[in-house]
Number of protein chains: 2
Amino acid sequence: MSSGPPEDIKASCERVARAAAEAAPAIRALTGGERRSLLRDMASALRERTRLILDANAHDRVAAAGLSEAMRDRLSLDEERIAAMARAIEHIADQPDPLGGVVEGRILPNGIRLERRRVPLGVVLVIYESRPNVTSDAAALCLKSGNAVVLRGGREAAHSNRAIVDALRAPLNWRNMGGALGFVDTPDRGAIDELLRMDKLIDLAIPRGGPALMSAVTAAARVPVVKHDAGNCHVYVDQHLEGLEETAERIVINAKVQRPGVCNAAETLLVHRGVAERMIPRLTDALARSGVEVRGCERTRELAPRARPATEEDWATEYLALTIAVRVVDSLEEACAHIARWGSRHTEAILTASLLSAQRFTELIDSASVMINCSTRFADGGEYGLGAEIGISTSKLHARGPMGAADLTTTQWVLTGSGQIRG
Amino acid sequence: MSSGPPEDIKASCERVARAAAEAAPAIRALTGGERRSLLRDMASALRERTRLILDANAHDRVAAAGLSEAMRDRLSLDEERIAAMARAIEHIADQPDPLGGVVEGRILPNGIRLERRRVPLGVVLVIYESRPNVTSDAAALCLKSGNAVVLRGGREAAHSNRAIVDALRAPLNWRNMGGALGFVDTPDRGAIDELLRMDKLIDLAIPRGGPALMSAVTAAARVPVVKHDAGNCHVYVDQHLEGLEETAERIVINAKVQRPGVCNAAETLLVHRGVAERMIPRLTDALARSGVEVRGCERTRELAPRARPATEEDWATEYLALTIAVRVVDSLEEACAHIARWGSRHTEAILTASLLSAQRFTELIDSASVMINCSTRFADGGEYGLGAEIGISTSKLHARGPMGAADLTTTQWVLTGSGQIRG
């Protein structure tokens, strides 16, 4: 539709980022009530444009004919899914305001009143893949927390994302703040590198995706990054399992099977040799009955002959599918060493009746979440009571584990005096 | 002294970082009482080796003969300064333990007990210049918060830093944890780039220094960074100044003169035109009497003819010296726009009798600290009641403004259940 030569990638990214940076003070200046109204208007706009969004989604689905069924399912929208996206925005709208809270406050000995207040970050860049509902969730969470946002979605969903952004932006346009919802849809992946270099315009980048995206982001970024990386999650079955055999089976199945395609699903099962004879046949049979392919170490295969042999690659793999790697370990410490070597520091579970084992496991595991006698699948902002989440951080800085609207803020120190000077 | 070819820079950096990463779990496992004892032993070791450290410092001072007097002063050690370093370590040792605190905790609706606990980051890299006391402060703060540390000091202080590290490491060696205090002293600046790429071994990099170092760090880092950048701090004198003329003069002088070489000293003075006629002559005269060179905009120079003309470069400069830039502005909003354009988002002060101006300034200023009727010089961890500080963060993520031991930690979610699975 455009006339003249296509806009240079760098220039187009910079235009979007600059518009967001210029709109950021206006978003920051909205009251909590005004931000709530804005989000509710966005939800309404999404509902009103359902037909347009479904038409755009049909384009993406035609182009996606060659992709896997799982990918195509994630891409697909229908009236119910769009209604769910609108409800999610309203849910975020109605959460408590993440801004303005006084994180700490005191009167200093010299009489100055010190307050540390929660304020917006400024401009947040979200880089994500396939699922179009991330477009509305990310926009709503960033605006709820007083930030402008720049979205960079996956190519597969380009038409759907554009239609969703057009809908969401309407209530911003009425308020002369359209720049606060930026969207970069040039298909060239170089756009990501360009955006990640704009540390004068963008305050935080949140990449959500696989190892290839993470590695590219880490190499290119001048902008601060909080990663939402892979989850190579482990379940360790301890030797002290008296009375928990049934519980262990239920949790292992839940962690692996309930939703295998997500980052908090279990990928490797570690079993203490003291209970291997009892538990390996029981657990691998239950897994097989649930349709899970088992890949085991040599000792596992002695007890579960139908398991295929596991290689080092299996320890490193986030299957995101009905496959699990199983290893017998000699001790809790060996289990933790395995996790330290092969894990992604996302979420690990221990199943044990022993208080000492639970304590030791928690001390030794350097992951965002540790589960004691419950499923890895609970690693989720909604489950933790954080409200909607923008994702699950695998970074250690700023936000760790499920990341909600409050993690899209920073703090500002405000000191109110009456003429104090430093001696 | 070494035989054979010199070790490759990359290999030597990796050796130090790997030793730190391997020692990190042992430091993490120390109790708060054990970390306190370790730090007190380090303070004693520093005192015992005063003579050796002074000898090493003499080497550095000979080599520094060509540097500025300010640089040479910052580099110089004497018995009193080493005693002060030891006392600072003891002060950090006696601070409350930054680890183990439960940041939030609740019972989830399904009965799982959720706790978010404060835990160490792992390995912290500190890159700094000249002042040898940073060596002991940084080591003590990182170990106090349960982290291993890798130090990279300035070339000018290489001998002094090495002697200090040797002293501090002795109590770690007694405990077989010598690797937890890493020190990279190869003079090649390429060492910084190598360290900043080691995101598998290092969890956080803290660079403290000038714009050249910051820009190099931002470009090279794969490791997460919290910057301790320049402070181009502003004092804005509002039009509503009834009764505060004397206070304004005292604060301007304090902010500029009390210690001009530090990042929270004022560099630019902005004066509302409504009080310019009254305040510009008074303030510039007072500054001149304190030995400060004034560089003013055209309107300033009409009221203070002795001021030299200011250029755009003056608005951008962190003088760190007895020089100040002065500009007359038409409104509070223009002052804030000037600060947004030229400032470094460190610390800004407003001097005003108006509640509305104070509120508006705080809303519009996107800096780590805002001072209302007190000196910018208060932007300091000790003044804020944070205990000793590792520096003043100019990043927005993770830590903003004065950064204490608590900011060298992250959190871990621990969920304790009794067999819960996700439905």
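In what follows, every chain begins at residue 1, and chains take the letters A, B, ... in the order their sequences are listed.
Contact annotation for A:L108: only side-chain heavy atoms (C-beta onward) come within less than 4.5 Å of a heavy atom of chain B. Within the 4.5 angstrom heavy-atom criterion, only side-chain atoms of B:L114, from C-beta onward, approach chain A. Looking at B:R259, neither its backbone nor its side chain comes within 4.5 Å of chain A, counting heavy atoms on both sides. Contact of B:V223 with chain A is not made at all, since no heavy-atom distance falls under 4.5 Å. For a residue to count as touching a neighbouring chain, one of its non-hydrogen atoms must lie under 4.5 Å from one of that chain's; by this rule A:A29 does not touch chain B. Looking at A:V217, there are no atoms closer than 4.5 Å to chain B (heavy atoms on both sides), in backbone or side chain. Contact annotation for A:D199: only side-chain heavy atoms (C-beta onward) come within less than 4.5 Å of a heavy atom of chain B. Of the two parts of A:S418, only the backbone, made up of N, CA, C and O, holds a non-hydrogen atom closer than 4.5 Å to a non-hydrogen atom of chain B. For chain A, the nearby part of B:A221 is the backbone; its heavy atoms alone come within less than 4.5 Å. For chain B, the nearby part of A:I112 is the side chain; its heavy atoms alone come within less than 4.5 Å. Residue contact with chain B, scored on non-hydrogen atoms closer than 4.5 Å, involves the backbone and the side chain of A:Q412 alike. At a 4.5 Å heavy-atom cutoff, the contact between A:S375 and chain B is made by backbone and side-chain atoms alike. Using a 4.5 Å cut-off between heavy atoms, B:R106 contacts chain A through its side chain alone, with no backbone atom that close. Neither the backbone nor the side chain of A:R197 comes within contact range of chain B, judged by heavy atoms closer than 4.5 Å. Within the 4.5 angstrom heavy-atom criterion, only side-chain atoms of A:V119, from C-beta onward, approach chain B. Heavy-atom distances place no part of A:E246 under 4.5 Å from chain B, backbone and side chain included. Only the side chain of A:R28 comes within contact range of chain B, judged by heavy atoms closer than 4.5 Å. For A:I251, the parts sitting under 4.5 Å from any heavy atom of chain B are the backbone and the side chain alike. Looking at A:S215, both its backbone and its side chain come within 4.5 Å of chain B, counting heavy atoms on both sides.
For the pair A:N264 and A:H346, the minimum side-chain heavy-atom distance is below 4.5 Å. Residues B:S290 and B:K256 form no side-chain contact, since every pair of their non-hydrogen atoms from C-beta on lies 4.5 Å or further apart. Annotation: side chain of A:I206 is in contact with side chain of A:V124 (closest heavy-atom distance under 4.5 Å). The closest side-chain heavy-atom distance from B:P224 to A:V225 is not below 4.5 Å.
Side chain to side chain, B:T218 and A:R222 fail the donor-acceptor criterion of an N or O pair below 3.5 Å. A side-chain donor-acceptor contact under 3.5 Å links B:R118 and B:T409. The closest side-chain donor-acceptor pair between A:Q258 and B:R422, if any, does not fall under 3.5 angstrom.
Among A:R377, A:R116, A:M371, the residue making the largest number of heavy-atom pairs under 4.5 Å with chain B is A:R377. Among the candidates B:G401, B:A219, B:A379, the residue making the largest number of heavy-atom pairs closer than 4.5 Å to chain A is B:A219. Interface summary for chain B: among A:S369, A:P25, A:A248, the most heavy-atom pairs under 4.5 angstrom belong to A:S369. In terms of heavy-atom pairs under 4.5 Å with chain B, the best-connected choice from A:I253, A:I365, A:V226, A:D407 is A:I365. Residue with the most contacts toward chain B among A:P402, A:S367, A:A399: A:S367 (heavy-atom pairs, distance under 4.5 Å). Note: A:T411 leads A:L244, A:T247, A:T411 in heavy-atom pairs under 4.5 Å with chain B. For the set B:A358, B:A368, B:A255, B:G122, the count of heavy-atom pairs under 4.5 angstrom toward chain A peaks at B:A368. Chain A forms the most heavy-atom pairs under 4.5 Å with one residue out of B:T347, B:T416, B:L397, and that residue is B:L397. With chain A as the partner, the residue from B:A340, B:G423, B:A349, B:P120 showing the most heavy-atom pairs under 4.5 Å is B:G423.
No side-chain donor-acceptor contact under 3.5 Å links B:T376 to the backbone of B:A265. In terms of modelled atom types and a separation under 3.5 Å, the side chain of B:E383 and the main chain of B:G381 share no donor-acceptor contact. The backbone N or O of A:T394 sits nowhere less than 3.5 Å from a side-chain atom of A:K227 that would complete a donor-acceptor pair. Not a single donor-acceptor pair under 3.5 Å links the side chain of B:D229 to the backbone N or O of B:S344.
Atom OG1 of B:T352 and atom CG of B:N373 lie 7.0 Å apart (nearest 0.5 Å). Separating the CZ atom in B:R250 from the CG atom in B:N254 is a distance of 9.0 Å, to the nearest 0.5 Å.
Each of A:D238, A:V370, A:I372 was compared with A:F361 under the side-chain contact (heavy atoms from CB on, under 4.5 Å) criterion, and only A:V370 meets it.
The residues B:R360 and B:E333 are annotated as salt-bridged, a charged nitrogen and a carboxylate oxygen being separated by less than 4.0 angstrom. B:D366 has a carboxylate O that lies under 4.0 Å from a charged side-chain N of B:R400, or vice versa, which qualifies the two as a salt bridge.
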